[in-house]
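Below, read A as the first sequence line, B as the second, and so on, with proteins coming before strands; counting in each chain starts at 1.
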Amino acid sequence: MEPGSRLYTELFKKCTELGKLKEGQMAHAHFLASRFQHYVSLQCTVVNMYAKCGDMELARKAFDEMPERDMVSYTMLITGYSQSNGFKEALDLYVEMLKMGLQPNEFTFGSALKCAGGMQSDAMGRVIHGTCLKCGYDNNVYVGSALVDMYTRCKRIDDAKAIFNGLECKNEVSWNALIAAYAREGEGHNAVELFSEMKRVGFNPTHFTYSSIFAACASNGALEQGKWVHADMLKSGQKLVAFVGNTLLDMYGKAGSIDDAKKVFDRLVKKDIVSWNSMLTSYAQHGLGEKAVDLFEEMRGFGFQPNKITFLCVLNACSHSGLLDRGLYYFELLRKYKLEPDITHYVTVVDLLGRAGQLDRAQTFISEMTILPTAAVWKALLGACRMHKNMELGAYAAERVFELDPHDSGPHMLLSNMYASAGRLSDAARVRKMMNENGVKKEPACSWVEIGNSVHVFVANDENHPQREEIRRKWEEIRDGIEKIGYVPDTSHVLWFLDERERGERLQYHSEKLALAFAILNTAAGTTISIKKNIRVCGDCHSAFRFVSRLVGQEIVLRDTNRFHHFRSGSCSCRDYW
DNA sequence: CCCTTAACCG
């Protein structure tokens, strides 16, 4: 018996839903031989099926073979491209369809705007926005949310906010788009504020909302706030499914609670590859290399396939814990899993060798790389040279960095300070001059500390803080205390062109020291103090923090861009290996 | 028939 047209519809829909490409192709062939082959709606469904199965070539072919293409078929193909990063192709089609005199609908606009956002094309986005207005779709909730998202991705957050405020009809997605944007841009405070407002006016946060908020808390290291939102999510009855669970686990890891991260990991309803990778990353950030290795082996034991990122995570963990041989073994294992190492893996191996003091091996490793070394590779070597005080190789690595990435201030500062420490002041001055000539700006260092529900930010030599006098007095008192138990300031960590007295002075007001004094002033004895820094901790501050943890008997947790340092009774969890 | 929002890595 010949199938009816309805059956084809069902068949194509089923294949679309389950992502069954092969079966879809068979159904398609069957359909082309049937008496329904001229049904436009079925031809459309085929285009959509291929697009949703991720094969844009087949979708395009089916589209081109349609005798006449309507607005919906265009929209399906545009959407397909937009969902697989084919922004350019999608927008070309969008323009073509307008030329054909076909008027887009809210579906077309939604996808077209996603593409403009994906390409960060402000100009294209505005043109599409104009067409939305002309066609009367500007108040459609889908188009409105897509507009908000598009403007945020073009870094026009004010325009996005204006659109959002003007929307007569909002849904969760409209809120999520803006919240996600704040999280992406590192404005966690605004993200959380918008989250509260969203709830206040009666919208229910979704998995998307919670994911964005957790990501924001992760980058701010806002543990208390993160816990509060976690409690809120539990209260609202959301299940701990993989996606949002992974952001939660990542938040706990990055905000400083490895125990909570592990708890979330163990309670995940279903673990996916990202869950494992996130847990490995958490261990790496806390310097728990052995735990990371155990977890990686456990994962392999379960038959879970590691991907390239997994290897990056575990290599990174080995590097931070000085597990040299283990790391090199995993680098070899990468190929056994039929994974091709990319540049990021090479960077990590250079870091691994370099930190372990194997500078010659690191250099040989670089020279034997099958792909061209990037700036990141040389930066890793430079970092190792600073750590192990190898001036000559460090200068060589720095030169390579300057060729490949001339605008990064970090390597310039590093080399300049290395020269200064080695007493080569004219070389130090030369690098400094080069920086000025090339317009390289030094990134300002800052530290912040979360007390209760608010975050307090400090910059070096902070002149603007309302409690600055009190903070300075407190630090001086602490400094006297730690000097009595063995702290010796190391002035090689400040600008070499200041005189010795001024260097000693400046050193004492690094942002992390100010944050620490502030935290001691504002927390009860016995509380753990938690401080974050936007660049790596300075060597002198690291040493000072060790003594302070002994002096005041409080635990101090410091997160820098690389990892966590847990200071307790005079020593640090990194065992001064960083 | 077709749309918009979130995670792991240098």
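- Side-chain proximity of A:Cys44 to B:dC1, B:dA7, B:dT5: nearest is B:dC1.
- With salt bridges taken as basic N to acidic carboxylate O contacts below 4.0 Å, none links A:Glu57 and A:Lys61.
- When distances run from any side-chain atom of A:Ser278 to the nucleotides B:dC8, B:dT4, B:dC1, the shortest one goes to B:dC8.
- Distance, A:Arg184 CZ to B:dT5 C1': 9 Å, rounded to whole Å.
- Between A:Tyr252 atom OH and B:dC8 atom P there is a gap of 17 Å when expressed in whole angstrom units.
- With distances taken from any side-chain atom of A:Thr344 to the nucleotides B:dT5, B:dG10, B:dA7, the minimum falls on B:dG10.
- Using a cutoff of 4.0 Å between basic side-chain nitrogens and carboxylate oxygens, A:Arg6 and A:Glu10 are scored as salt-bridged.
- Contacts of A:Lys52 with the nucleic acid, taken as non-hydrogen atoms under 4.0 Å apart, involve only primed sugar atoms and P, OP1 or OP2.
- Closest to the side chain of A:Thr281, from the set B:dT4, B:dC9, B:dC1, is B:dC9.
- Judged as a ring-ring contact (aromatic ring centres under 6.0 Å, His included), and not counting sequence neighbours, the contacts of A:Phe365 are A:Phe331, A:Tyr346.
- For the pair A:Tyr210 and B:dA6, the ring geometry does not qualify as stacking, because the centroid separation below 5.5 Å and plane angle under 30° are not jointly satisfied.
- Atom pair A:Met299:CE and B:dC8:P shows a separation of 16 Å (rounding to whole Å applied).
- Among the heavy atoms of the strands lying under 4.0 Å from A:Val173 is at least one base atom, whether or not backbone atoms are also near.
- Counting any heavy atom pair closer than 4.0 Å across all strands shown, A:Ala180 reaches sugar-phosphate atoms only and no base atom.
- Here the side chains of A:Trp378 and A:Asp405 are not in contact, with every heavy-atom distance at 4.5 Å or above.
- In this structure, CG of A:Asp272 is placed 17 Å from P of B:dA6, rounded to the nearest angstrom.
- Look at A:Asn316 and you won't find any side-chain N or O under 4.0 angstrom from OP1 or OP2 of B:dC9.
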Which donor-acceptor pairs under 3.5 Å do the side chains of residues 85-94 of chain A make with protein atoms, sequence neighbours left out?
from, atom 1, to, atom 2, distance (Å)
A:Lys88, NZ, A:Asp92, OD2, 3.1

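- When heavy atoms are screened at a 4.0 angstrom cut-off, A:Gln83 is found touching the sugar-phosphate backbone but no base atom.
- Residues A:Lys262 and A:Tyr283 form a side-chain contact, since some pair of their non-hydrogen atoms from C-beta on lies under 4.5 Å apart.
- Nucleic acid contact class of A:Asn105 (heavy atoms, under 4.0 Å, all strands): base.
- Taking every side-chain heavy atom of A:Ser145 into account, B:dT4 is the closest of B:dA7, B:dA6, B:dT4.
- For A:Asn48, counting side-chain heavy atoms from C-beta on, the closest listed nucleotide (B:dC2, B:dG10, B:dT4) is B:dC2.
- Summarising the geometry, the separation between CG on A:Leu339 and P on B:dC8 is reported as 20 Å, rounded to the nearest angstrom.
- A sub-4.0 Å separation between OP1 or OP2 of B:dT5 and a side-chain N or O of A:Lys114 is present.
- As judged by a 4.0 angstrom heavy-atom cut-off over every strand, A:Lys271 is placed among residues making no nucleic acid contact.
- Between the P atom of B:dT4 and the CG atom of A:Leu113 lies a distance of 11 Å, rounded to the nearest Å.
- Atom pair A:Glu17:CD and B:dC2:C1' shows a separation of 16 Å (rounding to whole Å applied).
- Among the atoms of the strands shown, only primed sugar atoms or phosphate atoms (P, OP1, OP2) are found under 4.0 Å from some heavy atom of A:Thr79.
- Residue A:Asp149 has its side chain nearest to B:dT5 when only B:dC9, B:dC2, B:dT5 are considered.
- The distance between atom CG of A:Leu404 and atom P of B:dG10, rounded to the nearest whole Å, is 20 Å.
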